[in-house]
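Basis for what follows: all heavy atoms, side chains included, without hydrogens, waters or symmetry-related copies.
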Amino acid sequence: MRRTRVLTAVLALAAGLLTGGPPALAAGDGPEPAAPLAADTYTWKNARIDGGGFVPGIVFNRSERNLAYARTDIGGAYRWQEATKSWTPLLDPVGWDDWGHTGVVSLASDPVDPDRVYAAVGTYTNDWDPKNGAVLRSTDRGASWRKADLPFKLGGNMPGRGMGERLAVDPNRNSVLYLGAPSGKGLWRSTDSGASWSRVANFPNVGNYAQDPSDTSGYASDNQGIVWVTFDESTGTSGSATGTVYVGVADKENAVYRSTDAGATWERLAGQPTGYLAHKGVLDTRNGHLYLAYSDSGGPYDGGKGRLWRYATATGTWTDVSPVAEADTYYGFSGLTVDRQDPGTVMATAYSSWWPDTQIFRSTDSGATWTRAWDYTSYPNRENRYTMDVSSVPWLTWDAHPSPPEQTPKLGWMTEALEIDPFDSDRMMYGTGATVYGTENLTDWDAGTKFTITPMVRGLEETAVNDLASPPSGAPLLSALGDIGGFRHTDLTEVPSMMFTQPHFTSTTSLDFAESNPDIVVRVGDLDSGPHIAFSTDNGAHWFAGTDPSGVSGGGTVAAAADGSRFVWSPRGAGVHHTSGFGTSWSASSGIPDGAVVESDRVDPKTFYGFKSGKFYVSTDGGATFRASAATGLPGGDSVRFKALPGARGDIWLAGGSSDGAYGLWHSTDAGATFTRLGNVEEADTVGFGKAAPGASYQTLYTSAKIDGVRGIFRSTDRGASWTRVNDDAHQWGWTGAAITGDPRVYGRVYVATNGRGVVYGDTSDPGGGDDGGGTYPDPEPSGDCAVTYTVTHQWTDGFQAEVRVTNTGASAWNGWTLTWSFADGQRISQLWNAAHTQSGPAVTVRNTDWNGTVAAGSSVGFGFTASRSATNTEPTAFRLGEQTCAVR
């Protein structure tokens, strides 16, 4: 299944996670920035999704055990924490003005001094990113950074980003580094540990391959340039520059070059294969083999043919060691690794094999023979050498029920990163378009027993966030995401069981709920075929598709009436439309232009608002007709986000603009008839509301803005009269201009949309603010007599659906409940609705949500779930409510 990265960062042109010892980013070698605006102290975390984006590079340090890094295309870089089996983000200090530096095109970990790490950063080489790239250098493993600006751009989210690594440290003289540049800029070298860079003037080839030379945007037409650098450490001694260096170039006829005199001269490697691009070049110095993974295109999505070659460094002999005949490939090769404990073992991936799955190949005799991660038995049936356990990230099944030879979860796609731990032959990690997978019993492959693959992605959050909502009841957070649709978080510290489905949008562009009836939720998004709108009547736990007006080609924005009785939708490809009920038929709205952003009044169910090109529009008849407001002075462009305040009819806040025109934050108290600009806000891009501060009557305002000369996340408890910065320089996350919202139930809590770092949320240290930071509301202590009815409602070959009803048979109400049971046959819950659950082995724990915790005597509460099963599906016969055993009906 193809997953494309949305270019959310382009919006910025129009307009950590760590607690204790967060990283810092210094600009150049100058002094630290001046002290920022006075700020509250916040604790920042991610609403856990775990992954959600492309991981094109994984780098293990070759001299220190358990030191590894991962790079992402738009979401920064991470360091592995062995003690917690999780990743720590390293580039959260990247600020608004340098948002492009969250795209990481290459990483290098110093093999001589493991404290040193380098990152080549920049997101786009065309004009989507206005700034040049840079090389970041750290002497404390990414806890802090210094920056060397480059005179050209780098493309962490450009075609070819899975090739590499383009940045490399000389393993004998670690003050020397090489960097391969795109766009015809050539090969670059630093001799002072990355502080300064100069072009290697005598390198003979800048590359000539572009994915699509006719692309006028400059995205697919850029020359992918120099794509990897590999040192032969056996040709040098400590303290002296390595003699032999291999360089890969995006040129199908001249892909590999070599220097044997430490870069003084270069030559095309004689006898090399042609007609393909060399994605990777990995050297086994013990056996004298340079392995090369070739594809007919640059990836990461495309690639129809490929080969694996082995070059003997001593004799110059080339050997085709491909695991399949060229005629049998429909994919290119890219992921490539050598077992440093057993260098005759080499592995590679068929990165562009989208269907039925990716493939991983393994050889233990230097490529003479190969085995595969899976093989066909009798088509379409297949036998896997592995088992997959995605219970820690259950949404990786995509709620799919494919027919053979497809399986769920899939082994992966876009598998360009593949690394065997240099200290542990049993550990391997590989990146996909959605996660990092890994194993810790890899050598079972050779023994003929199955090895286990699990997500190794905790802490790595890479979703691009388009919209956020925090309803006054039900789940505390609903999200609209690029690539994987979005989630309903009932617990911010747990990975949701499944993304929004029925339908599953590739990217959700907008969502809303009915303010006075939060069980009614609507979302819109992009889909290759099918409806672009969906509705829920149970707070986003379940969904059903609506119908599209004629001409719809994308999600656009959507608004729900305050009582959920009607909706207004401004889709891409069609004008603004309105409907009563759940979108079975739509009528065109009049008086408002196509492409307008739409929102609803949070009190009056018939009042809706719109904005387009500097004009504000109002409808008082349920979206049937709009009229332009007389308000003037609003931003002239379309980079505007606005919201109506809950509980106050006609109270509207509007943020947006651009540096070449009106830019700031505006407030209206008369339903948009007039707006007043806040003089103390220089720039603003988002606005949201949360629970009022203790003693305050007006809801708390939040914005991503520039105030008092400082870019940041700000909070106001006095209607914008004064502002407090709630983030700090270590927690900036690049571009945060898509969405923001406070929590209506927890004072001080704010949810921030990022472009590649997922949903981050902060809790205040202010007295009376926040909670324990756990991300959920206090666990209930259930008590009282109970009865349980467990019913399997539907069953298929490897799964089933069940409904559970719990009845209070006691004499007093429950104020919260927790139900537990154990499965007998290995059943595992994949998705559960109307409650929250955890599962450890056979043991299942289900807790109420905040809206169904009170159960009166004689009343009942129900929830449902889907689960996997084996051949048998024995129903549980024992249930406990807290410490009380329940009767089974």
Side-chain angles (χ1 to χ4, degrees), residues 1-4 6 8 395 397-402 408 463-469 475 478-488 496 498-514 517-561 564-589 592 594-600 608 610 622-624 739 801 831 833 866:
M1 188 181 302
R2 178 166 176 155
R3 306 283 164 194
T4 58
V6 290
T8 315
W395 60 262
T397 66
W398 302 84
D399 197 35
H401 303 282
T408 188
T463 48
V465 185
N466 295 326
D467 202 2
L468 295 170
L478 304 173
S479 58
L481 306 178
D483 291 359
I484 59 174
F487 291 93
R488 179 180 188 259
M498 194 54 56
M499 69 277 287
F500 297 142
T501 59
Q502 297 178 334
H504 169 234
F505 300 141
T506 52
S507 292
T508 300
T509 57
S510 175
L511 57 80
D512 196 14
F513 62 88
N517 186 5
D519 280 351
I520 296 178
V521 189
V522 61
R523 60 185 169 93
V524 294
D526 299 333
L527 192 62
D528 291 339
S529 62
H532 295 79
I533 189 165
F535 301 91
S536 173
T537 58
D538 57 5
N539 194 241
H542 299 86
W543 296 87
F544 56 92
T547 58
D548 288 0
S550 177
V552 171
S553 59
T557 58
V558 69
S565 61
R566 63 191 70 236
F567 303 88
V568 172
W569 183 17
S570 177
R572 189 172 72 238
V576 178
H577 285 70
H578 67 282
T579 186
S580 296
F582 293 111
T584 55
S585 64
W586 294 88
S587 300
S589 302
I592 186 170
D594 293 1
V597 176
V598 294
E599 296 283 355
S600 66
F608 290 84
Q801 180 172 321
Q831 184 174 16
W833 49 91
T866 55

Applying ring-ring contact (aromatic ring centres under 6.0 Å, His included) to Phe513 and not counting sequence neighbours gives none

Residue set satisfying side-chain contact (heavy atoms from CB on, under 4.5 Å) with Asn517, at least two apart, ordered chain then number -> Ala514, Asp519, Ile520

side-chain contact (heavy atoms from CB on, under 4.5 Å) filter on Thr408, not counting sequence neighbours, yields Thr397, Ala400, Pro402

Heavy-atom nearest pair, Asp399 first then Met498, reads N-SD, 3.4 Å

- Any chance you could lay out the side-chain contact (heavy atoms from CB on, under 4.5 Å) test for Met499 and His504, step after step, and finish with the verdict? CA-CA 8 Å; Met499 69 277 287; His504 169 234; 3.7 Å; yes

Across all chains, not counting sequence neighbours, the side-chain contact (heavy atoms from CB on, under 4.5 Å) partners of Ala560 are Asp512, Val522, Phe567

ring-ring contact (aromatic ring centres under 6.0 Å, His included) filter on Trp586, not counting sequence neighbours, yields Trp569

Contacts satisfying salt bridge (Lys or Arg N to Asp or Glu O under 4.0 Å) that involve residues 574-589 (not counting sequence neighbours) are none

* Asked: Mind checking whether Arg523 and Pro503 have side chains closer than 4.5 Å, heavy atoms only?
  -> yes

In short, salt bridge (Lys or Arg N to Asp or Glu O under 4.0 Å) pairs touching residues 566-582 with sequence neighbours left out are Asp526-Arg572

Hits for salt bridge (Lys or Arg N to Asp or Glu O under 4.0 Å) against Asp467, two or more places apart or cross-chain, chain-then-number order -> none

| said: A side-chain contact here means heavy atoms from C-beta on lying under 4.5 Å apart; do Trp398 and Ile484 qualify? | reply: yes

Those residues at least two apart in sequence (or on a different chain) that pass side-chain hydrogen bond (donor to acceptor under 3.5 Å, both in side chains) with His578 are Ser589

Ala541 meets the side-chain contact (heavy atoms from CB on, under 4.5 Å) criterion, sequence neighbours left out, with Arg488, Asp538, Trp833, Asn834

**Item:** Thr537 and Phe582, any side-chain heavy atoms less than 4.5 Å apart
**Value:** yes

Sorted by chain and residue number, the ring-ring contact (aromatic ring centres under 6.0 Å, His included) partners of Phe608 (sequence neighbours excluded) come out as none

Residues at least two apart in sequence or cross-chain that pass side-chain hydrogen bond (donor to acceptor under 3.5 Å, both in side chains) with Ser565, listed by chain then number, are Asp563

